[in-house]
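Just so you know, these numbers use all the heavy atoms, side chains as well, and skip hydrogens, waters and symmetry mates. Here is the naming used below: chain letters follow the sequence lines, and residue numbers restart at 1 for every chain. Just so it is clear, the structure is predicted and the values come from calculations on it, not from any experiment.
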Amino acid sequence: MDTGVLLHVLSAWLFCMGLLAICIRRNTLIMLMGIELMLNGVNLSFVTFAHELQQLSGQLQVFFIITIAAAESAVGLSILVNVYRNFGSIKTDRTQTLRG
Amino acid sequence: MSELVPSQLPLWILLLPLCGFVFNGIIHPVLTRGVTKTNNVISGAVATLAMVASFVVAWTGFRELAAGSGALHTTVYQWVAMSDFSVGLNLQLDRLSSIMALIITGIGSLIHLYSIGYMSHEKGAARFFAYLNLFCFAMLILVLSDNLLFVFFGWEGVGLCSYLLISYWYGESANADAARKAFLVNRVGDFGFVLAMCMLYAKFGTLSFAQLLSLITPDHASYLTGVAVLLFFAATGKSAQFPLYVWLPDAMAGPTPVSALIHAATMVTAGVYLFARMHFLFELAPAVMTTVAWIGAFTALIGGTIALAQNDIKKVLAYSTVSQLGFMFLATGVGAYHAAVFHLMTHAFFKALLFLGAGSVIHACDGEQDMRKMGGLRKALPITHATMLIGSLAIMGIPFFSGFFSKDEILFMAEAMPRGSMGLFTAGAIAAFLTAVYTYRMLRMTFWGEARTGIHGHESPWVMTLPLIVLAVLATFGGFLGVPHELAHSVGLPAQLIGEWLTPVVPAAALDLHAAPLSEGMVSIIAILLSVLGIGLGAVLFKRSFSLPSPSLGKLLEGKYYVDEIYQAVFVRPLYAIGDLIAKTLEGRLLQNLGSWMGIGSSWSGDRLRALQGGDLQVFALVILGGLSLIVAISLFWTNV
């Protein structure tokens, strides 16, 4: 199989694993990791496309994403700490205050 | 139509009763903090003054018309003004409406004055006087408007006010029922009025009398037959003609002045007025007019026979009114509009007098209306007796009282007019004969003979007797406005003043006086003979007992031919049954269940959708994922196909 296709499949698989983590895991920390995983999946496909099309803009995009991911994890972690303080847990099923 | 002269007089005729209504309906109750605390004398005096002032204005207008000026015309405001359709409240006092306005305001004033005495024991009669004023206002709109739409406003206005007045004592459910009956039967007729207006507008694009008069030509005759039928239907409702006369006798549940005002002098004559006003239309539908004449004659007979067997004094007068209205329709039907208006006027005099006299009797007997319990009231009520006697002589058609001239005119026209016939004349003559019989019976039962129960009345106060006396004078001399030609020529009196007065508006009956099967003199002699015979028959029949010699006939007449029962069975019961059916199936099953289903459906879907808003992050994520997948799938699908 061609390396490019393999890389695309890998990136899609990473994205889906991240999504799956978000959808099924109850631990907010793991969910945050899932988000990072998704971002990395996207990064991978950007890089692959940049390589295939011989254009720099894709690689450039990855830098932005890495920066934003860093900022996002900082914000996310602080939210997480606050959630822990307020609810005494970081499990999402403890934070369902709208449960009917 | 004669030329129009701008004038504010017609507006003031209308506004003065309206002011009275506003005072008694709003200002006075607000000042006294409650309608039950209003002062009867003050409200009665204001209402009466408003009517008297209106009468004075109407009289001024009448004088201006008599001085030779054209119709007085006021444009109050433009109600609807679209490109090709405009209706305004335009008032017009011409020769026809001035007579009507004088009757309404003149007799109205007397009845208002009388009501002060009649309603003196009532608590807070301001409501009553407010209704009376409003009624007169509506009736004046009806006769003064120059277009059909505003005539219809007045037409509905008097319907509403009659409803309010008949159920004035709304505590009694019988009164409320009678008022509802009057209102609903009138609505049946109004249906015809509305349809007729639609048809006229569809064809001619206007509802103004003057424009209709100029637009309608004999070419439209076939179309206008339908309009004429519908208008006639409307008139049968308002003027209590067969088959819609049943509301009028029930309407006697209201206070007696109301009966005098509405059911004798004003509202019920609206149909006759409509015919006289729209004569140019009806003339093009001869078949309809013949029907009108026969219905009128038939109604005169029905009313006259039923009146023979009634024991309630007001019911006798009510059926007598139905019968007399039949005479008027008979006259309009043969095309003798002036005779109809003449009889309308004299009838307003003597019937208002009779009703007010009956009210005086009822007042004296503490509300007793059953004539079987009266008798011998002549001594206790001398003025009432004397005036009632004059009114009775007038309605019987005794020579030189007003009813004699107007009824003779109608009987003469019934056979002399081209559309008339001996059949119509005979029916009218029999009805005239019956009039004498039942009127004699009423007098005999009420005033003469010995007192049958312990009722010993007292004469009414002057506010009640004064109107009686004035009306008695009118009922005596009113007929000289329409002296027949032959008699007038032989004694040197002016002939047919009222016919001549109306000629510019309503063309006089075109006929050759000498070509008639019976001459005017012959008709008079026959009519006099019939009246005298009627009185004689009454004297023989009702010497000892007051019921008819044949018990089965008496029962049939007392039961009013069971027309009410027939209507009940044919119309009312089936309608109730349909209503029940709809209530049970459509309403009870379908609509109610539909409501429940809607409730069940929304709570079910709410239960399902609640999870979306549960605050669970994973669910939110899944929903977003689902939506995203859907969008991707759709966009893929669209780009591929």
For this session: Look at B/Leu617, B/Leu625, B/Asp616 and state which one has the largest set of heavy-atom pairs under 4.5 Å with chain A.
Result: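 Counting heavy-atom pairs under 4.5 Å, the top option is B/Asp616.
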
Exercise. Within 45° of the ring axis of B/Tyr131 and under 6.0 Å from its six-membered ring centre, is that where the NZ or CZ of B/Arg127 lies?
Worked result: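 So B/Arg127 doesn't make the cation-pi contact.
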
For this session: Output all residues satisfying salt bridge (Lys or Arg N to Asp or Glu O under 4.0 Å) with B/Asp607, sequence neighbours left out; order by chain, then residue number.
Result: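 Once residues adjacent in sequence are excluded, the partners of B/Asp607 under the salt bridge (Lys or Arg N to Asp or Glu O under 4.0 Å) criterion are B/Arg610.
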
Problem set entry | chain B contact via A/Ile24 - side chain, backbone, both or neither, heavy atoms under 4.5 Å |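 For A/Ile24, backbone heavy atoms alone lie under 4.5 Å from chain B.
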
Problem set entry | Interchain contact, A/Arg26 with chain B, by part (heavy-atom threshold 4.5 Å) |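 Interface part for A/Arg26: both.
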
Exercise. Which residues, numbered in order, of residues 31-57 of chain A come under 4.5 angstrom of chain B by heavy-atom distance?
Worked result: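 The list, in residue order, reads A/Met31.
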
More than 12 heavy atoms of other groups within 6.0 Å of [X] [atom1]:
| X | atom1 | result |
| --- | --- | --- |
| B/Tyr170 | OH | no |
| B/Tyr201 | OH | yes |
| B/Glu172 | CD | no |

For this session: Go through the side-chain N and O atoms of B/Glu122 and B/Trp169 and say whether any donor and acceptor fall under 3.5 Å apart.
Result: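 B/Trp169 and B/Glu122 do have a side-chain donor-acceptor pair below 3.5 Å.
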
Exercise. Is a salt bridge present between B/Lys181 and B/Asp564, judged by a nitrogen-to-oxygen distance below 4.0 Å?
Worked result: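 Yes.
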
